[in-house]
Colleague: 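My structure is below; once you've seen it, I'll send some questions.
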Amino acid sequence: MTHPIPRKTFQTSEAASQAVAQEIATLIRGKPKPVLGLATGGTPLKLYAELIRLHREEGLSFAHVTTFNLDEYCGLDREHPQSYWNFMWRHLFDHIDIDPANVHLPSGTVAEQEINNHCAAYEAAIMNAGGIDYQVLGIGRTGHIGFNEPGSAIDSKTRHVLLDPITREDAAKDFGGIEQVPTGAITMGCGTILSARRIALLAFGAAKAAVVDAATTGPVTDQLPASFLQQHPATTFFVDQELADAS
Ligand code: F6R
């Protein structure tokens, strides 16, 4: 069934991030083995800062939490400064009491002939953990969620994908030039994401207004994978006033 996606607008991206952090904290405090789906990129940085604050100042423990990240660039090992593994440890995991054994990201360096098995094992690990309770998402200019670019199927699973040229362009500044940006990634699929029990998509700033409008109120189409979220019963978009003013 298709639902218009509820949007919560906050004065600032900090306030929106704090609201998502509160939902996550409530889940973590209320469930013996909560499972989080996590995103990288600029958007969730304030959310991770708030989760670290809740850990340090309010005793929120992640010792019983399991995490699965959405994606990883192909060709980057864990230590590469732009790898999502590196990003997650730098911005979150190094600062909380999570058990490293409970942290999962796809591998960017798995041998080509092993990629399908690796992706199937990632799906199986999510299932074995009990499924994702709470999925954090950002949204790309192409309407991607994870690295599910236009053309991705609604029931797609974790797999190898090629990045859209627009996505590579957006990453160019982090890599010091578009030629340094990997061409491929391993990403959870749209189907994997839609299996999460609760989804929070964060989007901030005027530049995201058009894609957010299209995803939340436009047609459900594989040309804008975030529009698939209209078919998820418990998704909320958390946006800031700057985005709302431009939409
Ligand atoms: C990151 C991811 C991407 C980003 C999106 C937005 O793990 O899967 O979908 O959420 O590209 O990136 P930012 O937040 O940098 O604008």
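Predicted model, so just to flag it, every value in this text is computed and none were measured. Note that ligands are numbered from 1 as they come in the structure, with each ligand's atoms numbered from 1 the same way. Every heavy atom of this structure was used, including side-chain atoms; hydrogens, water molecules and symmetry mates were not.
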Colleague: For a side chain to side chain contact (heavy atoms under 4.5 Å, CB included) check, start with the C-alpha distance between I52 and I96, then their side-chain angles and the critical distance, and finish with the verdict.
Modeller: CA-CA 6 Å; I52 293 166; I96 57 177; 4.2 Å; yes
Colleague: Who's the nearest protein heavy-atom neighbour of atom 9 (O) of ligand 1, and how far?
Modeller: G146 O, 2.8 Å
Colleague: Does the separation of the ring centres of F68 and Y122 fall below 6.0 angstrom?
Modeller: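 Centroid separation for F68 and Y122: below 6.0 Å.
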Colleague: Checking a contact table here: which protein heavy atom is nearest atom 10 (O) of ligand 1, and how many Å away?
Modeller: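 I find the closest protein heavy atom is G138 CA, 3.3 Å.
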Colleague: Checking Q82 against Y73 for the side-chain hydrogen bond (donor to acceptor under 3.5 Å, both in side chains) test, could you report, in this order, the C-alpha distance in whole Å, the side-chain angles of both residues, the deciding distance, and whether it holds?
Modeller: CA-CA 9 Å; Q82 296 306 328; Y73 288 115; over 6 Å; no
Colleague: Just by distance, do the side chain of N86 and the backbone of S83 share a donor-acceptor pair under 3.5 Å?
Modeller: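 Not a single qualifying donor-acceptor pair exists.
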Colleague: Is there a polar contact, in the sense of an N or O pair closer than 3.5 Å, between G42 and ligand 1?
Modeller: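 There is such a contact, yes.
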Colleague: At less than 4.0 angstrom from any non-hydrogen atom of A39, what atoms of ligand 1 do you find?
Modeller: 7 (O)
Colleague: How close does the nearest protein non-hydrogen atom get to atom 1 (C) of ligand 1, and which residue and atom is it?
Modeller: T40 OG1, 3.2 Å
Colleague: So if I count the atoms of ligand 1 from 1 in the order they appear, which ones are less than 4.0 Å from some heavy atom of T43?
Modeller: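 Here the atoms of ligand 1 in question are 13 (P), 14 (O), 16 (O).
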Colleague: Are the side chain of H232 and the backbone of I199 linked by a donor-acceptor contact shorter than 3.5 Å?
Modeller: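 Not at all, since once roles are kept as given, no pair shorter than 3.5 Å links the two residues.
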Colleague: How does L137 reach ligand 1, if at all, at less than 4.0 Å between non-hydrogen atoms: by side chain, backbone, both, or neither?
Modeller: neither
Colleague: With a 3.5 Å distance limit and no angle check, can you tell me whether D222 reaches the backbone of S152 through a side-chain donor-acceptor pair?
Modeller: no
Colleague: Hey, looking at atom 5 (C) of ligand 1, which of M188, K208, H144 has the closest heavy atom?
Modeller: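 That would be H144.
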Colleague: For L70, counting its heavy atoms only, list the atoms of ligand 1 lying under 4.0 Å from any of them.
Modeller: 8 (O)
Colleague: Between the side chains of R78 and T109, is a donor N or O closer than 3.5 angstrom to an acceptor N or O?
Modeller: no
Colleague: Quick check: do D170 and V181 have side-chain heavy atoms less than 4.5 Å from each other?
Modeller: no
Colleague: Quick test: of every protein heavy atom, which one is nearest to atom 6 (C) of ligand 1, and how far off is it to 0.1 Å?
Modeller: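 The protein heavy atom lying closest is I139 O, 3.4 Å.
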Colleague: What atoms in ligand 1 come closer than 4.0 Å to a heavy atom of D71?
Modeller: 1 (C), 2 (C), 7 (O), 8 (O)
